[in-house]
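Scope of the values below: all heavy atoms of this structure, side chains included, with no hydrogens, waters or symmetry mates. Each ligand, and each atom within it, is numbered from 1 in the order the structure gives.
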Amino acid sequence: MTSYTLADLGWSDHFADQIAADNTDIPARITDIHRARIIALGAGAEHLSLPLSGRTGLAIGDWILHDHDRITRSLDPTGVIQRAAPHTLLPQIIAANVDTLGIVTSCNADFNPARIERYLAMAMAAEALPLVILTKPDLADDPDSYRRQTEAISPLLVAITLNAKDPEDALRLAPWCGPGRTLALTGSSGVGKTTLRNALTGEADRTAGIREDDAKGRHTTTARALRPTITGGWLIDTPGMRELGMSGTSEGIDAVFSDIGDLLGTCRFSDCAHVSEPGCAILGAVAAGQIDPARLDRWRKLQAEEAHSQASTSAARDLAKKREKMYNSGRKRGRQKRGQSED
Ligand SMILES: Nc1nc2c(ncn2[C@@H]2O[C@H](COP(=O)(O)OP(=O)(O)OP(=O)(O)O)[C@@H](O)[C@H]2O)c(=O)[nH]1
Ligand SMILES: [Zn+2]
């Protein structure tokens with residue numbers, strides 16, 4: 001088994017600085033999260049299984065401290081990829097300590113600038129590097145046009161075109177998943193994420209092996225995980241990464257649409273909704289040809305989605321508060337009925 005150093009696993013001063021000099025607990029990085037336990041990897045080739053003990057809020061890729069028996073602390077992450085959970089729209093952390101968000105799309109009808117822009121906002125909010133991975137160039141007439149279109153979306157984007165089915169080509173992703181580097185893949189179904197994962201981790205055979213060995217015929221083993229790549233780094237491909245709704249990405253939206261953001265607060269009315277108000281700076285910029293109206297529409301859409309998630313979050317918080325109040329007053333009434341004094 002490979003023997004890792006903490007640096008190989010992605011450890012940096014960001015984490016070291018969070019630990020007191022007299023700390024004796026041991027750092028490890030979460031590779032898998034199960035219902036009641038996590039699997040983590042520490043220096044050496046130490047694969048540990050630790051009880052969650054009711055802890056919530058941990059994600060794949062997080063760093064924790066442990067004392068061999070239990071998790072003693074989790075360390076503040078960087079590169080947190082979060083989404084609005086389907087249905088509830090509540091914020092949900094999918095992966096932590098992601099250095100690069102690989103936005104996988106194909107050189108075909110899957111290519112969608114608005115979707116790339118949305119993932120870009122997510123990467124910016126997470127402070128992860130946005131890397132657009134354009135697959136299936138071998139099936140396209142003019143694959144280079146997709147790279148040009150990608151680069152036109154935003155100067156913040158870097159694009160790489162590769163045939164995911166060619167293992168050598170897939171290894172051109174090595175700079176983003178070398179020792180200590182974590183690459184997370186996101187994108188629609190069928191764009192080549194699994195193909196890339198298999199090429200980068202050499203995992204295809206292992207998956208087959210696990211399926212064979214599993215008497216119950218389950219094959220969920222490789223879902224939601226941080227896996228070592230053959231290039232010495234780390235890859236995250238979780239089912240949650242496949243459908244990312246906006247949540248907690250306001251700063252990312254501001255970064256991607258800074259031209260629009262710069263005008264906010266300069267409209268005549270401080271509560272301007274930028275729809276039809278006179279003296280609206282944003283509508284003015286559209287009329288003057290400085291802002292593409294389609295771009296303004298996309299900004300509105302992402303803003304609305306984000307606002308929706310925020311509203312759901314505060315509604316859920318209010319509901320929890322209400323329930324707690326009802327529970328407490330119910331307990332109080334119960335005690336009064338039983339003639340007990342209040343404690
Ligand atoms: N020709 C060609 N085929 C590709 C390329 N990348 C992926 N494919 C094929 O596209 C199909 C879908 O690829 P997957 O890797 O399963 O896609 P995915 O993104 O993991 O899809 P989900 O698992 O549904 O999320 C497979 O048949 C791949 O062999 C590519 O660059 N060129
Ligand atoms: Zn306005």
Ligand-side contact atoms (ligand 1) for residue partner [X], heavy atom cut-off under 4.0 Å:
X	result
A164	6 (N), 30 (C), 31 (O)
G192	6 (N), 7 (C), 13 (O), 14 (P), 15 (O), 17 (O), 18 (P), 19 (O)
K193	15 (O), 17 (O), 18 (P), 19 (O), 20 (O), 25 (O)
S189	21 (O), 22 (P), 24 (O), 25 (O)
T195	7 (C), 13 (O), 14 (P), 15 (O), 28 (C)
S188	19 (O)

Shared hydrophobic cluster, I33 / V80 (ILVMFWY, side-chain heavy atoms < 4.5 Å) |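 Cluster IDs for I33 and V80 differ.
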Honestly curious: do L65 and L9 fall in one hydrophobic cluster under the side-chain, below-4.5 Å linking rule?
->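 Yes: a chain of side-chain contacts under 4.5 Å links L65 to L9.
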Do [X] and [Y] sit within salt-bridge range, that is, some charged N less than 4.0 Å from a carboxylate O?
X	Y	value
K165	D138	no
E151	R147	yes
R227	D237	no
D142	R148	yes

Any non-hydrogen atom of S106 lying under 4.0 Å from ligand 1?
->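 Heavy atoms of S106 never come under 4.0 Å of ligand 1.
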Residue pair [X] / [Y]: nearest heavy atoms and the distance that separates them:
X	Y	result
C267	I282	SG-N, 4.4 Å
I253	A121	N-CB, 3.9 Å
G202	I230	N-CG2, 4.3 Å

Under 4.0 Å, heavy atoms only, figure out whether ligand 1 is touched by the backbone of D138, its side chain, both or neither.
->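 Within the 4.0 Å criterion, D138 contacts ligand 1 through side-chain atoms alone.
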Check this for me - ligand 1, [X], N or O atoms closer than 3.5 angstrom, yes or no?
X	value
P137	no
L196	no
L139	no
T135	no

What is the ring orientation for W63 with W11, classed by angle as parallel under 30°, tilted 30 to 60°, or perpendicular over 60°?
->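 Rings of W63 and W11: perpendicular, as their planes differ by over 60°.
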Inter-residue atom distance I81.CD1 - Q92.CD, 0.5 Å rounding =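 Output value for this atom pair is 13.0 Å.
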Pick, from K136, R197, K165, the option with the minimum heavy-atom distance to atom 11 (C) of ligand 1.
->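 Nearest heavy atom to atom 11 (C) of ligand 1 lies in K136.
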Under a 4.5 Å cut-off applied to non-hydrogen side-chain atoms, are L134 and L162 in contact?
->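 Side chain of L134 against side chain of L162, heavy atoms only: no contact under 4.5 Å found.
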Sum up the protein N, O or S atoms located under 2.8 Å from the Zn ion (ligand 2).
->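 N, O or S atoms of the protein closer than 2.8 Å: 4.
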